[in-house]
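Quick notes on the structure that follows.
Keep in mind that this is a model prediction, so the values were computed, not measured. Heavy-atom basis, side chains included; hydrogens, waters and symmetry copies ignored.
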Amino acid sequence: MATCRSHTCAVVYYSQRATRGGLLISEATGVSATAQGYPEAPGIWMQQQVDAWKPIVDAVHRKGALFFCQIWHVGRVSTNDGQVPISSTDKQITPDAESGMVYSKPRRLETDEIPKIVDDFRRPARNAVEPGYLLEQFMKDLVAYGRMFLANPDLPKRFELGAALNKYDRSTFYTQDPVVGYTDYPFLDDGSNAH
């Protein structure tokens, strides 16, 4: 499994946020090598990735939570082995001044290529069943909670108690640090149930 954070920290991160009867949605998980757009983002199209997700999903299930795998294709953001990114448009993304990232100019996906992209989603959807995920591609209403959940590993409890929320630090969202901004946000009870 390729992931923005280390595998061990992913187990800790997701299990920290799991509660009995709760629902977790994975980070965006690539459907193919040509669907990837961010360094070391996770995937689920190869068996070794499926195997790497198993302990993570198992840790969430041990806490009594459900887990959805959010699969995606980044389209024109993809940065895959020198291949031209595919998209619904050939319009290039404006370079990111903050990160210095310059995106390649994409090419429009041809109609006869659509079945290949559908297959790129079909295989990971089937793969996600093996480690025990529930599947859902479009859970847009829940996306709004992502940042709050990142900064509040006990978010359902905070909602239940009407407790104050930790503020998230956007600058740590896409770093390679396995702890900072990932598993270091405090619990209400000051960390006693952090694992």
Side-chain angles (χ1 to χ4, degrees), residues 1-18 22-87 99 101 103-104 106 109 113-140 142-143 145-147 149-150 153 172-184 195:
M1 172 177 126
T3 184
C4 292
R5 313 286 178 146
S6 76
H7 176 72
T8 303
C9 287
V11 172
V12 172
Y13 172 80
Y14 284 112
S15 65
Q16 277 182 340
R17 286 147 180 82
L23 170 67
L24 290 179
I25 301 171
S26 74
E27 60 200 290
T29 303
V31 296
S32 69
T34 61
Q36 296 294 83
Y38 300 96
E40 299 188 47
I44 195 162
W45 70 90
M46 296 185 307
Q47 188 60 48
Q48 74 184 59
Q49 295 164 326
V50 173
D51 293 343
W53 276 110
K54 286 178 183 177
I56 299 166
V57 174
D58 288 347
V60 168
H61 288 168
R62 278 193 301 276
K63 292 277 195 96
L66 300 174
F67 205 1
F68 282 90
C69 183
Q70 177 189 190
I71 56 178
W72 77 337
H73 188 297
V74 299
R76 65 185 181 148
V77 176
S78 63
T79 54
N80 48 70
D81 301 328
Q83 297 179 39
V84 176
I86 56 171
S87 181
S99 71
M101 181 68 172
Y103 298 94
S104 299
L109 184 68
E113 294 176 297
I114 293 173
K116 165 72 169 93
I117 302 301
V118 170
D119 281 342
D120 282 351
F121 278 85
R122 183 178 291 124
R123 184 174 37 292
R126 287 182 182 141
N127 285 351
V129 173
E130 186 177 329
Y133 273 118
L134 296 173
L135 291 175
E136 180 55 53
Q137 173 60 24
F138 303 103
M139 301 273 303
K140 292 179 182 174
L142 298 176
V143 170
Y145 288 100
R147 293 175 183 156
F149 223 138
L150 180 68
T172 65
F173 283 179
Y174 301 104
T175 67
Q176 298 300 313
D177 192 297
V179 176
V180 175
Y182 193 57
T183 59
D184 62 337
H195 301 288

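P124 and W45 get closest at one heavy-atom pair: CG-CB, 4.1 Å. C9 and P178 get closest at one heavy-atom pair: SG-O, 3.0 Å. Closest non-hydrogen pair, M46 versus Q49, comes out as N-OE1, 2.8 Å. P55 approaches D51 most closely through the heavy-atom pair CD-O, 3.3 Å. For P131 against D58, the heavy-atom pair with the smallest separation is O-OD1, 4.3 Å. Nearest heavy-atom pair, G132 versus H61, reported as atom, atom and distance to 0.1 Å: O-CE1, 3.0 Å.
Checked by atom type and distance alone, the side chain of S78 never pairs as donor or acceptor with a backbone atom of V74 at under 3.5 Å. Between the side chain of R17 and the backbone N or O of Y13, at least one donor-acceptor pair lies under 3.5 Å. A donor-acceptor pair under 3.5 Å is formed between the side chain of T29 and the backbone N or O of E27. Distance alone, capped at 3.5 Å, is enough to place a donor-acceptor pair between the Q36 side chain and the A41 backbone. N127 places no side-chain N or O within donor-acceptor distance of the main-chain N or O of V50, the cut-off being under 3.5 Å.
We find that D119 and K116 are not joined by a salt bridge, their nearest charged nitrogen and carboxylate oxygen being 4.0 Å or further apart.
Rounding to the nearest 0.5 angstrom, the gap separating the OG1 atom in T183 from the CG atom in D177 is 8.5 Å. Atom NE2 in H73 sits 4.5 Å away from atom OG1 in T34 (nearest 0.5 Å).
For R123, the side-chain hydrogen bond (donor to acceptor under 3.5 Å, both in side chains) test picks out no residue, with sequence neighbours left out. Contacts of Y14 classified as ring-ring contact (aromatic ring centres under 6.0 Å, His included), with partners at least two apart in sequence or in another chain: F67.
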**OP:** Could you walk me through whether R76 and Y103 pass the side-chain contact (heavy atoms from CB on, under 4.5 Å) test, one step at a time?
**Re:** CA-CA 8 Å; R76 65 185 181 148; Y103 298 94; over 6 Å; no

Original post:
Please walk me through it: do W53 and S26 pass side-chain contact (heavy atoms from CB on, under 4.5 Å)?
Top reply: CA-CA 10 Å; W53 276 110; S26 74; 4.3 Å; yes

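For the pair T172 and Y182, the minimum side-chain heavy-atom distance is 4.5 Å or more. Looking only at side-chain heavy atoms (C-beta outward), I44 and P42 stay at 4.5 Å or farther from each other.
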